[in-house]
Amino acid sequence: MLDLRFIRENPDKVRWAIQVKRVGLDLDELLAVDQEVLKLKRQIQTLNEEKNSNSKRMGKATPEERPQIIQRGKEIGDELKALEPRLRETEESLRQLLLLVPNIPDADVPVGLDDTENVEVYRWGNQPIFDFAPLDHVQILENHGWADFKRVADVAGSRSYMLKNEMVILEHALHRFAMDRLMEKGFTLLTAPSMAREFAFEGTGHFPTGKDQVYYLPADDLYLSGTAEVPVNALHSGEILSESELPIKYAAISPSFRREAGSGGRDVRGLIRVHQFTKVEQYILTKNDPEESKRLHETILGNAKEILEALEIPYRVVEVCTGDMGAGKTKMHDIESWVPSEQKYRETHSCSSLGDWQARRTNLRYRDADGKVQFCYTLNNTALATPRFLVPFLENHQQADGSIRVPAALQPSLGGKEKLG
RNA sequence: GGGGAGGUGCCAGAGAGGUCGAAUGGGGCCGCCUGCUAAGCGGUUAUAGCCUAAUCCGCUAUCGAGGGUUCGAAUCCCUCCCUCUCCGCCA
């Protein structure tokens, strides 16, 4: 959400963002509704002033005066009763429109239509050269009895999977590894709930536009979140933090769920795109300072890079262009890990800066050194998400004998094992 | 799932239809005072909106959330959320 005053005063900037982010929103309609809300509020305020002074007179009024006061009060009440529902409706439509207003991308973000126009900015590691016929991750898993896709599909539908034996241990070891790293860096570890109420999804910006990507539990009016970002952002909703406790750095692990509606036949095979996964997410609340936010963006991006480097996975970083970045973001980098079987890089991490866009939605504020109340800035980045991450891990580390090499950094988390299988 | 108690400002806690944006105590901040400190004294201490040159003043809203009753609601009624507690069920 953007500041309404900012929208009023900078409609051209907002129009530009709507255009380059390819958001379907009529700003003129929003501005007209905004004026209507202001008009109604003024009318109601004037009536309330009169209502208050009128009923204040009642206390000291003589019995003869009372009928007049009551009469006038009733008239005011009737007028208010006519106006208040109109204000409520108009405010609600304004809110709905406001939820669609995108954040303004930073000036240096590449303008583009979709992911083909993202810009590679960094590359690390060598793509492995195999002196044998490398397998893809599904073949590797099946050869070792490390997963079941077929049976479990009958149980839980397409895009489901079941890891088995050493893969279960590896998955846990990877998460443990990521969490250990982040704890060392001063992050507060959380197990975040996967279920949350609607307001939490509105807070991060996943609602209203992404509602069809989210599982809904009607009996309890709860939704399953696709990232710990949702519950963690909502955690401090409505609070006024003090500047001294910022930045708050959370590393939250949660089972995550995505319906993948509309992704049709894309990536139906294997572990790339599944409905349920486990993710360690970095989530930062910081002060209202673009420079500080930039530094933290680099920090959490760096944390993910370190994890990949320790796990010896070749990757690249792309700067995401305007058309491919979410509405709330001012800046976004994806980290893509090398997938040998596809001979391409695939997104495994996503690092975003959102300015105060999420904080305004969740009413998440802090008191600065001057005592002024400000909205926080928020940022997030994946630390590690499985099972997708198993794809580059298994494929890059496969050996001629079919085993999987365990990078030295991960061996302690795997009971010292140097290879799997 | 069933029963009971409760949600008030930074915290504790009064308030039971008008004089309540809200007593009192604690904390914080500013000042005064006493060799320092402690104690003491005075003042101040919410958020959003409207108005405004203004973070002054004034006005409006907010006592878990949303509705309702009333000339007037923190106070009465309804719905929901949350906390505590007892019983039942349960990994």
Side-chain angles (χ1 to χ4, degrees), chain A residues 1-9 30-31 33-99 191-203 207 216-223 230-231 234-246 248 255 287-288 356-376:
Chain A
M1 188 165 327
L2 292 181
D3 185 4
L4 242 180
R5 243 171 299 177
F6 176 87
I7 299 174
R8 284 178 203 142
E9 288 161 14
L30 185 149
L31 292 169
V33 175
D34 174 41
Q35 286 307 310
E36 180 67 15
V37 167
L38 278 180
K39 201 180 100 192
L40 287 166
K41 272 190 175 168
R42 285 198 192 98
Q43 288 175 359
I44 286 171
Q45 180 173 332
T46 309
L47 284 168
N48 272 329
E49 281 171 27
E50 204 190 336
K51 177 176 109 176
N52 290 343
S53 58
N54 188 253
S55 41
K56 218 164 244 172
R57 278 169 53 213
M58 188 70 173
K60 300 171 200 143
T62 61
E64 298 81 60
E65 290 171 328
R66 292 195 170 189
Q68 294 162 28
I69 294 171
I70 291 171
Q71 177 57 30
R72 182 62 196 138
K74 279 195 169 149
E75 284 164 22
I76 297 168
D78 288 344
E79 284 183 65
L80 280 172
K81 251 172 216 154
L83 285 174
E84 276 167 349
R86 271 178 62 200
L87 176 64
R88 247 178 275 144
E89 285 163 27
T90 318
E91 272 188 315
E92 179 55 23
S93 22
L94 178 62
R95 198 180 77 87
Q96 289 302 328
L97 291 167
L98 224 38
L99 287 174
T191 58
S194 299
M195 296 182 290
R197 297 208 165 97
E198 184 175 31
F199 85 91
F201 290 80
E202 268 183 2
F207 284 6
Y216 178 51
L217 277 28
D220 299 287
D221 200 19
L222 291 167
Y223 300 82
V230 172
L235 212 55
H236 296 283
S237 174
E239 289 184 33
I240 299 180
L241 304 164
S242 76
E243 183 169 338
S244 59
E245 52 192 319
L246 301 175
I248 296 176
K287 57 187 178 183
N288 197 313
D356 61 8
W357 193 84
Q358 284 183 334
R360 283 182 184 279
R361 290 176 164 240
T362 23
N363 198 24
L364 170 52
R365 295 172 294 174
Y366 70 98
R367 200 178 300 279
D368 70 15
D370 302 326
K372 262 186 76 181
V373 175
Q374 309 257 22
F375 284 99
C376 293

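In what follows, every chain begins at residue 1, and chains take the letters A, B, ... in the order their sequences are listed. Treat the numbers as computed from the prediction; the structure is a model and nothing was measured.
- Using a 4.0 Å cut-off, some side-chain N or O of A/Arg365 falls inside it from OP1 or OP2 of B/A48.
- Base pairing analysis places B/A22 opposite nothing; no Watson-Crick or G-U wobble pair with both distances below 3.5 Å involves it.
- Each of B/C71, B/U69, B/U47 was ranked by its minimum atom distance to the side chain of A/Val373; first place goes to B/U47.
- Within 4.0 Å (heavy atoms only), A/Lys39 reaches no atom of the nucleic acid at all.
- Residue A/Asn52 places at least one side-chain N or O closer than 4.0 Å to OP1 or OP2 of B/A61.
- Across all strands shown, B/C29 forms a Watson-Crick or G-U wobble pair, both distances under 3.5 Å, with B/G43.
- The separation of B/U8 from B/A65, taken at their P atoms, amounts to 10 Å, rounded to a whole angstrom.
- As rounded to the nearest Å, B/G68 and B/U55 have C1' atoms that lie 38 Å from one another.
- Nearer to the 5' terminus of RNA chain B, by closest-nucleotide assignment, is the contact made by A/Arg88 (compared with the other of A/Arg88 and A/Ile69).
- Note that A/Arg361 lies in the cation-pi zone of A/Trp357, set by a 6.0 Å cut-off to the ring centre and a 45° limit from the axis.
- For B/C71, the OP1/OP2 oxygens have a side-chain nitrogen or oxygen of A/Lys74 closer than 4.0 Å.
- Side-chain N/O atoms of A/Arg42 include none lying less than 4.0 angstrom from OP1 or OP2 on B/U60.
- For the C1' atoms, the distance from B/G2 to B/G88 is 8 Å, rounded to whole Å.
- A salt bridge links A/Glu75 with A/Arg72: the closest approach of a Lys/Arg side-chain nitrogen to an acidic carboxylate oxygen falls below 4.0 angstrom.
- Ring planes of A/Phe207 and A/Tyr223: perpendicular class, angle over 60° (limits at 30 and 60°).
- Across A/Arg365 and A/Asn363, no two heavy atoms sit closer than the pair NE-OD1, 3.2 Å.
- No salt bridge links A/Arg86 with A/Glu89; every basic N to acidic carboxylate O contact stays at or beyond 4.0 Å.
- Atom name C1', nucleotides B/A61 and B/G42: the rounded distance is 33 Å, in whole Å.
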Distances under 3.5 Å only, N/O to N/O: pair up the protein atoms with those of nucleotides 72-81 of chain B.
{"unit_1": "B/C81", "atom_1": "O3'", "unit_2": "A/Arg197", "atom_2": "NH2", "d": "2.7"}

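- When Watson-Crick and G-U wobble pairs are counted only if both distances are under 3.5 Å, B/G58 pairs with B/C50.
- Judged by distance alone with a 3.5 Å cut-off, no donor-acceptor contact links the side chain of A/Glu49 to the base of B/C59.
- Between A/Asp368 and A/Lys372 there is no salt bridge, since no side-chain N of the basic residue sits under 4.0 Å from a carboxylate O of the acidic one.
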